[in-house]
J.: 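Quick one: this structure, given as structure tokens, is what I'll be asking you about.
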Amino acid sequence: MSPAATPARRQLHPPPVAASPFPYNPGSLLATSDLTLAQVSHLLARATALESMDPQLRSGILAKRRVALLFYESSTRTRTSFELAAKALGADTTLVSSLSSSIEKGESLKDTGLTLRALGAEAIILRHNSSGAAWLLESETRLPVLNAGDGMHEHPTQALLDLRTILAHLRPGVDSVTPETLAGVTVSIVGDILHSRVARSNMLLLPRLGARVVLCGPKELLPELAAHAGPGITIERSFEAALAQSQAVMMLRIQAERLAGLQLDLEEYKAAYQLTGPRLAALAPAALVLHPGPIIRGLELTAGVADGPQSAILEQVRNGVSIRMAVVERALLAPMQGESA
Ligand code: CP
């Protein structure tokens with residue numbers, strides 16, 4: 001066949017959003033730094049409005065829009081709350097998990113994303129064990145991508161729901177935030193900081209609202225370098241000293257799946273860093289106790305503290321649904337509202 005007779009290459013569907021400087025899609029949420037404080041305020045206010053909206057009215061907001069959940073790591077809270085949030089807005093959702101899909105056969109993240117887009121997905125919620133995976137997926141699909149946790153990097157919706165929980169207790173009624181909103185508030189983040197995307201998202205967001213963030217943990221789980229992640233962050237090795245200055249204390253699980261051979265003496269760890277009833281009562285009797293979950297009772301905190309009156313752990317879980325409603329709504333409506341990330 002001569003070159004002139006070669007059939008024209010079939011045109012693939014163009015991407016839904018034209019190429020532009022990164023990030024491509026204004027509906028994406030990849031990191032807390034994607035959001036201005038005005039956008040954080042908008043999401044907090046929308047979370048409140050959507051939570052109290054008539055369910056029938058609410059289910060018309062994204063009626064029949066298609067949202068894919070793409071999960072390469074296990075999840076209870078994030079996956080369920082994103083799914084409930086999208087469904088509450090009327091969207092159709094589909095779950096693709098690495099254990100029951102062609103990912104098991106070796107299909108790449110790029111090809112999985114392009115496949116979901118070809119199937120009509122208008123936004124993808126991604127959890128992945130590699131830091132930066134959400135950026136890759138967005139750059140390849142140009143769809144709105146919501147980062148539901150990427151490796152040891154970020155978990156931005158967790159930081160937003162943590163913020164909503166902190167504000168409800170320490171600044172009741174406030175959902176419009178400024179650089180002074182949390183002035184005078186110290187939040188200690190305790191435990192496995194090194195492997196925690198939750199710690200990273202919170203330590204980068206809370207100081208922007210005026211909070212002090214104290215990172216607390218042993219050297220193996222908290223390198224000195226962490227203090228330089230951003231302004232407003234300090235390191236305190238003594239749990240007692242950190243607790244004594246905290247209005248909120250966020251306990252973290254030791255991420256056994258990311259320790260990569262690091263051996264820890266758990267009895268020593270518990271002696272130094274476990275949040276117990278006596279420690280809390282003696283040093284921070286009014287502090288809010290937070291934990292992103294999953295909690296390991298008897299390790300980073302005792303069952304009595306987890307179930308105690310200062311614990312806001314289940315409130316954080318509930319706030320996950322309302323915050324994720326606001327974030328999913330933004331993912332699909334932001335381009336229409338002319339919002340730029
Ligand atoms: N906080 C959090 O990300 O929990 P899951 O791993 O259960 O989603």
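Remember, it's 1-based here, ligands and their atoms both numbered in the order they're listed. Hydrogens, waters and symmetry mates are skipped; everything else that's a heavy atom, side chains included, is used.
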J.: Show the atoms of ligand 1 that are less than 4.0 angstrom away from any heavy atom in T76.
T.: 5 (P), 7 (O), 8 (O)

J.: Looking only at non-hydrogen atoms, find the nearest pair between A199 and I193 and report the distance.
T.: CB-CG2, 4.0 Å

J.: Any side-chain donor paired with an acceptor under 3.5 Å for S28 and E138?
T.: yes

J.: Among all protein non-hydrogen atoms, which one is nearest to atom 6 (O) of ligand 1, and what is the separation to 0.1 Å?
T.: R127 NH1, 2.8 Å

J.: Please say whether P292 places an N or O atom under 3.5 Å from an N or O atom belonging to ligand 1.
T.: yes

J.: Looking only at protein heavy atoms, identify the closest one to atom 2 (C) of ligand 1 and say how far it is in Å.
T.: T78 OG1, 3.5 Å

J.: Quick one: look up the protein heavy atom nearest atom 4 (O) of ligand 1 and list residue, atom name and how far away it is.
T.: R77 NE, 3.0 Å

J.: Roughly how far apart are D162 CG and N202 CG, rounded to 0.5 Å?
T.: 4.5 Å

J.: If you apply the rule salt bridge (Lys or Arg N to Asp or Glu O under 4.0 Å), what do you find for R212 with E236, and how did you get there?
T.: CA-CA 12 Å; R212 277 183 68 232; E236 175 55 74; over 6 Å; no

J.: Taking 4.0 Å as the limit for heavy-atom contacts, which would you say applies to E73 with ligand 1: side chain only, backbone only, both, or neither?
T.: neither

J.: Any non-hydrogen atom of G149 lying under 4.0 Å from ligand 1?
T.: no

J.: Just do the side chain to side chain donor-acceptor pair (under 3.5 Å) check on H155 and R127 with the steps written out, would you?
T.: CA-CA 9 Å; H155 195 349; R127 169 164 290 191; 3.3 Å; yes

